[in-house]
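Presented below is the structure to which this report refers.
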Amino acid sequence: MIVDSIRSSIAKWLYQCLHGEVANICRELEVTDFLTKEQIEQYQFRKLKRLLYYSNYVPYYRELYNAYGIQTDDIKDFSDYKKIPILTKSAIRLNQDKLISVLKMKSKAVRTSGSTGEPITILKDINSRNIELALVRRFEKLMGIELGDKTLSIWGGLEMSTRGKIVKKIKNYLYNRELFNNYDINTNNIDRLIVNHGVNKYKYIRGYATSLALIAQALRRKDRKFCPYSNLKAISASVEKLLSTDRQIIEDVFGKILYDQYGCGEVNSIAFECPHHNGLHHSFEHSYIEVLDLKGRESDSGRLIITNLDNLVFPLIRYENGDLINLSSQECSCGRKSMLISSIKGRTFDYIEGINGSVVHGGFFDDLLLESNANVEQIQFVQDTARSICVRYVGGTDMSVDAMAFIESKIKGQLGSEMQIHFRKVEFINVEDNGKRKLVKKTL
């Protein structure tokens, strides 16, 4: 207990030294967390007006406003704001320099993972980054996690300079945090991770959703479940979509301590799950979101259009990040009035095309896997030709004939009876270059 107290004090001291302004933002977030819907709208519009004012100092937006006859002073409500054209990834790539404010602001370059194709690089000002950190701290507090709690982070790790490695190692030691490179996880070392790191000594585990599921599967194979008095307080999944089947296996092994979160490199800290587990609460303090169907109409299900309300150096106004989401019409039982995201369906490009002309999103395969009761550890649906899909899976045993028949029947029913479905058992499904594992993939 004394050691834990010392580690916690060291972590809080270091955090205050590195992120002193974040503490002030955290206090503000305690107040905004339970605003009414009307107060939320007023809060967001005040921030939006500030963002629009600063966007006039950005060459790209000056040209855009002139072309469309838009005066930011004339924007009186959100319906006026929605007259601003949507910002696409291709527009960012073509206008990289013109999207930077002419005002001198302290900022840092951020490179996205490139899940939807070629990565893009943007700038983030210090205030925007601080708010993202504060929202993460609010999330950690919701889970009962304090600074200095023993943490295992399963994260993507790129090559760093010797100095960078030393600095990172020192910071992780002071924060009482251990790292395991997500890119190194495979069937050969997953057991070593569990044994060497002693999963049960941690209070908090965070990382890629599929890697957390792999750990849970390995523990279940060993017939090891955690007792109610385990040290582990919470597990949080991030970076990639949390599949229903992954949630099921993680909660089966660890209990109901799994929390999902959602963000993207361009606009981090978009939404977080609270202890009532009714969906993900939108972090309205940091962003404004719209959902549009394929025809551009407002909807509860469709393309995410997001505005970063805080990044003044590189404004992202009505930015389409390539994700599909579903909004919930319900209010969370926790009492918060923030918008609830019921599910992140995935990327807009995660589709498989059927021989019958149907186009089916990857979310269909997530639901299909859950219904099939297929006893597999990993799975991937790969469209290798226009008329064939290879179902690649990892498991201790072969997939059952019934599960195969069910999956094949549902796919053919959706994509056409002439589709050829092949099942292939493999040792491991590799991650992509960005460290994520794809449920749906095209190689044709």
Side-chain angles (χ1 to χ4, degrees), residues 22 25-26 28-29 31-33 35 37 39-55 58 61 75 77-79 81-82 84-89 92 99 107 110 112-113 115-116 120 122-139 238-239 260-274 279-292 298-300 302-328 332 336-344 347:
V22 174
I25 299 172
C26 284
E28 179 186 339
L29 292 178
V31 177
T32 59
D33 204 11
L35 293 182
K37 288 185 177 180
Q39 289 171 328
I40 288 173
E41 185 171 333
Q42 293 170 352
Y43 180 96
Q44 289 188 302
F45 195 70
R46 283 196 301 272
K47 273 200 164 184
L48 177 64
K49 288 294 287 184
R50 182 191 63 162
L51 175 68
L52 292 174
Y53 169 79
Y54 278 96
S55 70
V58 178
Y61 284 107
I75 294 178
D77 53 33
F78 283 110
S79 61
Y81 142 84
K82 291 172 184 177
I84 299 173
I86 288 172
L87 177 67
T88 63
K89 288 180 181 288
I92 293 178
L99 274 161
S107 60
V110 176
T112 68
S113 65
S115 297
T116 55
I120 60 175
I122 68 167
L123 297 180
K124 283 189 180 179
D125 63 46
I126 298 302
N127 182 59
S128 182
R129 291 166 55 210
N130 284 341
I131 289 174
E132 291 172 358
L133 287 172
L135 287 165
V136 171
R137 278 297 302 132
R138 183 170 73 179
F139 175 52
S238 61
V239 184
D260 197 7
Q261 57 184 300
Y262 171 58
C264 61
E266 304 92 319
V267 190
N268 282 323
S269 302
I270 296 174
F272 300 93
E273 188 173 357
C274 82
L280 284 78
H281 288 273
H282 171 225
S283 301
F284 64 85
E285 299 95 340
H286 180 50
S287 63
Y288 180 82
I289 63 176
E290 309 164 59
V291 179
L292 305 179
E298 291 193 13
S299 174
D300 288 336
R303 301 147 48 210
L304 175 64
I305 310 298
I306 188 164
T307 293
N308 186 327
L309 296 172
D310 296 302
N311 193 4
L312 306 181
V313 70
F314 198 106
L316 297 175
I317 300 173
R318 301 200 74 214
Y319 168 58
E320 183 169 4
N321 75 342
D323 285 346
L324 298 172
I325 71 171
N326 289 338
L327 298 179
S328 173
C332 185
R336 293 174 177 83
K337 303 302 180 183
S338 49
M339 186 183 298
L340 275 180
I341 298 175
S342 57
S343 64
I344 313 296
R347 294 290 184 177

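For the single chain, residues carry numbers from 1 onward in sequence order.
- D300 contributes no side-chain N or O that, together with a main-chain N or O of S328, makes up a donor-acceptor pair within less than 3.5 Å.
- Look at R50 and D310 and you find a salt bridge, because one of the NZ, NE, NH1 or NH2 atoms lies within 4.0 Å of a carboxylate O, short of that distance.
- In this structure, E41 places its CD atom where only 12 or fewer heavy-atom neighbours from other residues, nucleotides or ligands lie under 6.0 Å away.
- The side chain to side chain contact (heavy atoms under 4.5 Å, CB included) with E266 is formed by just one residue from the set V110, I92, L316; it is L316.
- R336 places a side-chain heavy atom less than 4.5 Å from the side chain of D33.
- Smallest separation of non-hydrogen atoms from K47 and E285: NZ-O, 2.7 Å.
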Inset, instruction - Could you go through the side-chain contact (heavy atoms from CB on, under 4.5 Å) check for E290 and I86 one step at a time? - result: CA-CA 11 Å; E290 309 164 59; I86 288 172; over 6 Å; no
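- Aromatic ring orientation, F78 versus Y288: parallel (interplanar angle below 30°, classes split at 30° and 60°).
- Taking a 6.0 Å sphere around OH of Y54, one finds it holds 12 or fewer heavy atoms contributed by other residues, nucleotides or ligands.
- Between I317 and S55 the shortest heavy-atom distance is CD1-CB, 3.9 Å.
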Legend entry - Step-by-step side-chain contact (heavy atoms from CB on, under 4.5 Å) determination, E320 to L87: CA-CA 6 Å; E320 183 169 4; L87 177 67; over 6 Å; no
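- A distance of 11.5 Å separates CG in L51 from CZ in F45, rounded to the nearest 0.5 Å.
- Using a 4.5 Å heavy-atom threshold, the side chains of F272 and Q261 count as touching.
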Inset, instruction - Test I306 against D323 for side-chain contact (heavy atoms from CB on, under 4.5 Å), laying out the working first. - result: CA-CA 10 Å; I306 188 164; D323 285 346; over 6 Å; no
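- A donor-acceptor pair under 3.5 Å is formed between the side chain of N311 and the backbone N or O of L123.
- Side-chain contact between K49 and Y53 is absent, with no heavy-atom pair separated by less than 4.5 Å.
- Side-chain polar atoms of N127 and D125 form no donor-acceptor pair below 3.5 angstrom.
- Inter-residue side-chain proximity for L99 and I122 is flagged as unmet; no heavy-atom pair is nearer than 4.5 Å.
- Panel note: side chain Q44, backbone F284; a donor-acceptor pair is recorded below 3.5 Å.
- Contact record, E273 with F139: O-CE1, 3.4 Å, taken as the closest heavy-atom pair.
- H286 is listed as a side-chain neighbour of N308, based on a closest heavy-atom distance under 4.5 Å.
- Note that the CG atom of L280 and the OH atom of Y262 stand 10.0 Å from one another [nearest 0.5 Å].
- Put simply, the side chain of L135 reaches to within 4.5 Å of the side chain of L29, judged on heavy atoms.
- Under a 3.5 Å cut-off, the side chain of H282 and the backbone N or O of S287 do form a donor-acceptor pair.
- At a threshold of 4.5 Å between non-hydrogen side-chain atoms, the residues E28 and V31 do not count as touching.
- Side-chain atoms of Y61 come within 3.5 Å of backbone atoms of P315 as a donor-acceptor pair (strictly under, hydrogens ignored).
- For the pair I131/S269, no side-chain contact is recorded, criterion being any heavy-atom separation below 4.5 Å from C-beta on.
- Between T32 and Y43 the shortest heavy-atom distance is CG2-CE1, 3.8 Å.
- For R318 (side chain) and K82 (main-chain N/O), a donor-acceptor pair under 3.5 Å exists by modelled atom type.
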